Amino acid sequence: MHRLIDGVLRFQTEIHGKRQELFNELGERQRPFAVFIACSDSRVVPELLTQCDPGDIFVIRNAGNIIPSYGPSSGGVSASIEYAVQGLGIPNLIVCGHSDCGAMKAILREDKLDKMPAVGAWIKHAAAAKEIVEARFSPGEAEKKRLNALVHENVLCQLRNLTTHPSVAAKLAAGQLSLHGWVYNIDSGMVDTFDAERQEFVTLTRDSTAQATPKLMVRYQTRK
């Protein structure tokens, strides 16, 4: 706790005061330009990865960057998405997975979840990604290869789940929202982005603006 407290005090004296104008504006309103759905993993820091200021991105985090399909018992993730898209009118939505993801490892090793029933129930929202990977890879394939494939497939499956949310579906139909699928490699710092036209994940560059459209994501699954 001492480390956290020292950090807060340094923030107050070394950062907040030097950017008082920004924080005065943020004290009145927020105008983020992107929703960033990421894993809760401590190694993934969306603001650091994207080099964004406070107020730039609306971050939603949970184990495995999972978005349950919309239903009558919508939880916090659904409420956050609805508020970001409908309430704030944010035009860009990114689902970002990452390398060495513990939630994805748990999917591959369900026998390890005996003492974590809540985790086991939660990762069932990624069941489609697991089925795709199991259809593409034999059990004898190296676990690292299967894990990497699962991380990427999970991003696409969660993007499809997103389209079941009424607020997202409406904004997509009106051309007011774009969806993007990313995978962050912790070791290298590189990011893969799904290019729907090319039907594959490619390295993110300054010119990467392609969207991950739902129809083309389905074609990606069948082609692979």
Side-chain angles (χ1 to χ4, degrees), residues 1-68 75-85 87-107 112-113 115-123 125-126 147-148 151-152 154-155 158 162 180-193 203-206 208:
M1 283 303 298
H2 289 298
R3 185 174 177 182
L4 295 179
I5 293 169
D6 287 344
V8 171
L9 297 178
R10 285 200 309 274
F11 165 73
Q12 292 169 348
T13 58
E14 299 174 15
I15 298 175
H16 191 280
K18 293 179 180 179
R19 306 200 66 184
Q20 193 63 56
E21 185 176 344
L22 169 64
F23 288 104
N24 285 344
E25 181 180 346
L26 292 176
E28 299 294 331
R29 63 177 181 269
Q30 62 168 321
R31 290 186 293 186
F33 56 80
V35 182
F36 200 98
I37 301 177
C39 184
S40 298
D41 193 298
S42 62
R43 299 166 294 178
V44 179
V45 186
E47 293 84 355
L48 180 63
L49 174 61
T50 61
Q51 290 294 284
C52 281
D53 280 336
D56 285 347
I57 57 176
F58 188 96
V59 179
I60 302 170
R61 302 185 67 166
N62 63 64
N65 41 274
I66 284 172
I67 303 109
V77 174
S78 298
S80 296
I81 291 168
E82 185 174 85
Y83 176 69
V85 173
L88 296 177
I90 301 174
N92 300 289
L93 199 158
I94 301 157
V95 176
C96 184
H98 68 93
S99 61
D100 196 50
C101 180
M104 297 302 103
K105 286 182 177 179
I107 292 175
K112 306 294 185 181
L113 295 176
K115 296 183 179 180
M116 292 186 284
V119 174
W122 176 250
I123 62 176
H125 293 293
L147 176 61
N148 182 59
V151 167
H152 286 74
N154 181 57
V155 167
Q158 302 314 317
L162 263 175
H180 304 270
W182 288 7
V183 173
Y184 164 51
N185 187 294
I186 296 171
D187 292 343
S188 68
M190 303 297 287
V191 173
D192 295 338
T193 182
T203 301
L204 184 73
T205 67
R206 185 175 295 276
S208 298

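Basis for what follows: all heavy atoms, side chains included, without hydrogens, waters or symmetry-related copies. Just so it is clear, the model here is predicted, and its values are computed rather than measured.
Between L49 and V191 there is a side-chain heavy-atom pair separated by less than 4.5 Å. Side chains of I81 and V35 form no contact here, defined as non-hydrogen atoms less than 4.5 Å apart. Between N185 and D192, the closest side-chain pair of non-hydrogen atoms is not below 4.5 Å.
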Can you list, pair by pair, the side-chain donor-acceptor contacts under 3.5 Å of residues 10-18, counting residues two or more places apart and other chains?
from : atom 1 : to  : atom 2 : distance (Å)
T13  : OG1    : L9  : O      : 3.0
T13  : OG1    : R10 : O      : 3.3

Taking only distance into account, with no hydrogens and no angle test, what donor-acceptor pairs under 3.5 Å do side-chain atoms of residues 93-107 form with protein atoms, sequence neighbours excluded?
from : atom 1 : to   : atom 2 : distance (Å)
S99  : OG     : I186 : N      : 3.0
D100 : OD1    : K105 : NZ     : 2.6
D100 : OD2    : R43  : NH1    : 2.8
D100 : OD2    : R43  : NH2    : 3.4

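Scanning both residues, G181 and V155, for their nearest heavy atoms gives CA-CG1, 3.6 Å. Considering all non-hydrogen atoms of both residues, F58 and S80 come closest at CE2-O, 3.7 Å. Across L26 and P54, no two heavy atoms sit closer than the pair CD1-O, 3.5 Å. Scanning both residues, C39 and V44, for their nearest heavy atoms gives O-CB, 4.4 Å.
Residues satisfying the side chain to side chain contact (heavy atoms under 4.5 Å, CB included) test with T50, not counting sequence neighbours, are F36, C52, I57, W182. Not a single side chain to side chain contact (heavy atoms under 4.5 Å, CB included) links R3 to another residue, sequence neighbours left out. Scored by the side chain to side chain contact (heavy atoms under 4.5 Å, CB included) test, L48 finds V45, Q51 as partners (sequence neighbours excluded).
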Using the rule given for side chain to side chain donor-acceptor pair (under 3.5 Å), can you reason through Q158 versus N154, listing the C-alpha separation, both sets of side-chain angles and the distance that settles it, and then say yes or no? CA-CA 6 Å; Q158 302 314 317; N154 181 57; 2.9 Å; yes

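Note that the CD1 atom of I123 and the CE atom of M116 stand 8.5 Å from one another [nearest 0.5 Å]. Separation of atoms CE (M190) and OG1 (T203) is listed at 5.0 Å; rounding is to 0.5 Å. A distance of 9.5 Å separates OG of S78 from CD1 of I60, quoted to the nearest 0.5 Å.
Annotation: salt bridge (charged side-chain N to carboxylate O under 4.0 Å, His left out) contacts involving residues 50-68, sequence neighbours excluded, comprise R19-D53.
Q20 CD: more than 12 foreign heavy atoms inside a 6.0 Å radius.
A donor-acceptor distance shorter than 3.5 angstrom exists from the side chain of N92 to the backbone of F33, with no hydrogens or angles considered.
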